[in-house]
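All values below were derived from every heavy atom in this structure, side-chain atoms included, with hydrogens, water molecules and symmetry-related copies excluded.
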Amino acid sequence: MQNQTLSLLNDYMPEVSQYKSRFESLNTLLNKTTLTGKISSLDIAENLFAYMEETQQKFSQLQERLIDTLIEQNFLTILSEAELNAQSNIDVLNRNLFERTADIAFLAKSEIMYRFLTRHPEALSRETLEARMYEYTRKYSVYEDMILFDREGRILARLNSSNPATQTSEPMIAQTLSLQGEYLELFSTADFISKPTPSLLYLAPVQRIGENERVGVIALVFKFEDEMERIFKRFSDSTPGSLIMLLDAKNRLIASGNPKEFPLGSTLSIQKIGDHHFVQTNKRTYLVAKAQTQGYFGYTGPHWSTALLLPLRSAFDSKRLELGKIPPELLEESSLMTNELRHVIAEAENINEDLGDVVINGEIIASKSHSYALNPILNNIRLLSEEINHVCIDSIRGLQKSILTSALKGVSFYARVAIDLMDRNLYERANDCRWWALTHRFITHMHKSQENSVREILMGILHKINALYPMYHNLFLFDAMGKIVALSNKEEMKFIDEPISSEDFSRVRSIRDTQKYHVSAFEPTPFYRHKPTYIFYAPILSPDENKSFLGGIGIVFDAESQLSTMLHEALPKRSEVLSSQGELFGLLVERNGKIIASTNEKLKVGEILEIDSRFLEIRGNEAIDEVITFQEKRYMLGVQASVGYREFKVSDGYNCPVLCLMFIEV
């Protein structure tokens, strides 16, 4: 760490300052003792005190190195927490926005939208179309508005009827109609949205599948402020006292954890001091941890980043970390220690041994020469040696406690990140199956699904959807008898005319509410190559008042890939602070202990996890972080239970408790 950074941080670490003062005092006493010994006993112990002088110089160097190490390692511990939080925030947001890009691309191929824009004889009325928009946002509750424009920018239908705008002059309509890609993503104000702050918009040209004619534009308005508030709230307690910011490519604030001190639209002035970044205001100095998304299926969003600001005045407060959960023996044996700290400990032990040698040799010299004037000096050296050893041990133990406590607190946060990614992902799956069940062509063609030409149409639509949503292994339609009539994965044509499971069929067939859906148990299925996964089902119902059961849709979640990716994204990264080479793994398990995802090759999906049942019984926002013995090894364990996302697992009747367990060997 560069001197500039060390100098800045030194003022914010009161405990380190106390150690520095004690070391300086000991160094002065050691220097005086050495000088006194040289003056009073030079004739009989010249070599001894020359060696003593060398040892004193070593201690002086150790003092500087130890203080620098204390500052650096305390700083890296805090920085590691902040970086994890910042990274989690941007990755969670980016995954959410990826789903929005798929939504808009699919909506733009809607036959109902196309017919309405082209004034087709079978087109819905505006009132009916807007009711359908409402139906969409009941499922995808992340949107605050949906708007349909014609090619000239006239508003033909929209969800938010309270907005009086009937026309837009925004260039985004022309931009969308001339797009080379599938969609346009903009963070901007707009004349058809009644608020002064920018909105996050997704626009796509409306056209039929397989056709090039673009007849209008569909736009989705994302609940941006609401989503940022949810993300900030979910992860804010990981690093107490911190502020979370969302920045654009020019470091302008587009979401702020403290709008009064850091107003929206202002530029965050980040200053680089040494190798690290800080923000200085009139009130305080903040450490900055900044992160950009790692991407999801190649999507990296609108080039935003998160910045976590941690005020230095409170960042290193010793009361910030509870130290009681660390077993005392862990301080002696833990592998969570940096190489730099190990070197400092070794040097301190060497100096203590050197001072011990001085005392022993001095006593021998005094005895042989009968020069007992040496004894008081040797006694002082002995006392100083003990005090030096005590201060070194005390300071290093304090640092070890901070590192270990931070790691222990972090392990439950990693579990929270993984479980949050899972809940948000499955929320989207519940939405997808219900909305796709309302696809116009599915409803109108289901009774003719045995005809080859119709089957080709249905499979073409499913294939197009699956291309937009790569987290599915397969999508299939089944008729009123439960037999599969079309699917997206053409490599699995063997399932055509095969029945879905009788239990799942019975559950789906009983549903008459378009808000309801059914999820299979997490178990092996032939529809996922006999591996375990979730299949989300929704009924396809007739559009009349009777809501007759016409069949349904099943969407096969690519659990092996998706759940494993979530766990790997949430796992802590090896770092200067977390330097253990021991095992590091995560599990997703059901309440009965059945493993549904694992990053540990020895703990297989489908097996029952043998662990104390209390770790599988936590509820809601409870979390566990403990040091435990598991399979004859010692681990830091973090546990977090699923809490749902928006209405998913909260008010939709779907109850499938899953927990994440993160393990760090220590």
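- Defined by atom type and a distance below 3.5 Å, a donor-acceptor pair is missing between the side-chain atoms of K109 and Q207.
- Counting heavy atoms of neighbouring residues, nucleotides and ligands inside a 6.0 Å radius, atom CD of E503 does not exceed 12 of them.
- A donor-acceptor pair shorter than 3.5 Å can be found between the side chains of S488 and N466.
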| task | For H473 and E492, run side-chain hydrogen bond (donor to acceptor under 3.5 Å, both in side chains): C-alpha distance rounded to whole Å, both residues' side-chain angles, the deciding distance at 0.1 Å, then the answer. | result | CA-CA 10 Å; H473 171 72; E492 301 201 340; 2.9 Å; yes

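- A side chain to side chain donor-acceptor pair (under 3.5 Å) with D420 is found for one member of R95, Q640, R234 and no other, namely R234.
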| said: What verdict does the side-chain hydrogen bond (donor to acceptor under 3.5 Å, both in side chains) test give for S542 and K547, after you've listed the backbone C-alpha separation in whole Å, the side-chain angles of each residue and the deciding distance to 0.1 Å? | reply: CA-CA 5 Å; S542 65; K547 294 189 180 300; over 6 Å; no

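- Defined by atom type and a distance below 3.5 Å, a donor-acceptor pair is missing between the side-chain atoms of S598 and N600.
- Between F549 and F505, the ring planes lie perpendicular to each other; the angle is over 60°, past the 30° to 60° tilted range.
- The number of heavy atoms from other shown groups lying within 6.0 Å of CD (E607) is above 12.
- Here the closest heavy-atom approach between residue Y517 and residue C433 is recorded as CB-SG, 3.8 Å.
- Here the side chains of V142 and F224 are not in contact, with every heavy-atom distance at 4.5 Å or above.
- Enclosure of atom NE2 in H463 is not indicated, since only 12 or fewer non-hydrogen atoms of other residues, nucleotides or ligands lie within 6.0 angstrom.
- Rounding to the nearest 0.5 angstrom, the gap separating the CG atom in L156 from the CE atom in M113 is 11.0 Å.
- Figure legend: cation-pi geometry between R429 and F557 absent, as NZ or CZ is not positioned both under 6.0 Å from the six-membered ring centre and within 45° of its axis.
- Side-chain polar atoms of S141 and E647 form a donor-acceptor pair below 3.5 angstrom.
- The one candidate from W436, F297, F536, Y528 that meets the ring pair (Phe, Tyr, Trp, His ring centres under 6.0 Å) condition with Y472 is W436.
- Atoms CG and CZ, from L179 and R214 in turn, are 6.0 Å apart once rounded to the nearest 0.5 Å.
- For D544, the CG atom sits in a packed shell: over 12 heavy atoms of surrounding residues, nucleotides or ligands are nearer than 6.0 Å.
- Atom-to-atom distance recorded for L571:CG and I664:CD1 is 8.5 Å, nearest 0.5 angstrom.
- Using cut-offs of 30° and 60° on the angle between ring planes, the pair Y537 and H518 is parallel.
- Defined by atom type and a distance below 3.5 Å, a donor-acceptor pair is present between the side-chain atoms of E227 and N96.
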| request: I would like to know whether S520 and D504 meet side-chain hydrogen bond (donor to acceptor under 3.5 Å, both in side chains); could you show each step before the answer? | output: CA-CA 7 Å; S520 71; D504 290 331; 4.9 Å; no

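- For the residue pair N452/E456, the side-chain donor-acceptor check at 3.5 Å is not satisfied.
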| task | Take E185 and Y299, measure what side-chain hydrogen bond (donor to acceptor under 3.5 Å, both in side chains) needs, and give me the verdict at the end. | result | CA-CA 12 Å; E185 182 180 48; Y299 171 78; 2.4 Å; yes

| said: The test is side chain to side chain contact (heavy atoms under 4.5 Å, CB included); show your working for Q292 and H303 and say whether it passes. | reply: CA-CA 8 Å; Q292 292 183 314; H303 304 293; 5.9 Å; no

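- Ring geometry, Y140 versus Y136: the interplanar angle falls under 30°, so the pair is classed parallel (tilted spans 30 to 60°).
- Residue E211 places its CD atom among more than 12 non-hydrogen atoms of other residues, nucleotides or ligands, all under 6.0 Å distant.
- Here the CE atom belonging to M446 is positioned 8.5 Å from the CD1 atom belonging to I553, to the nearest 0.5 angstrom.
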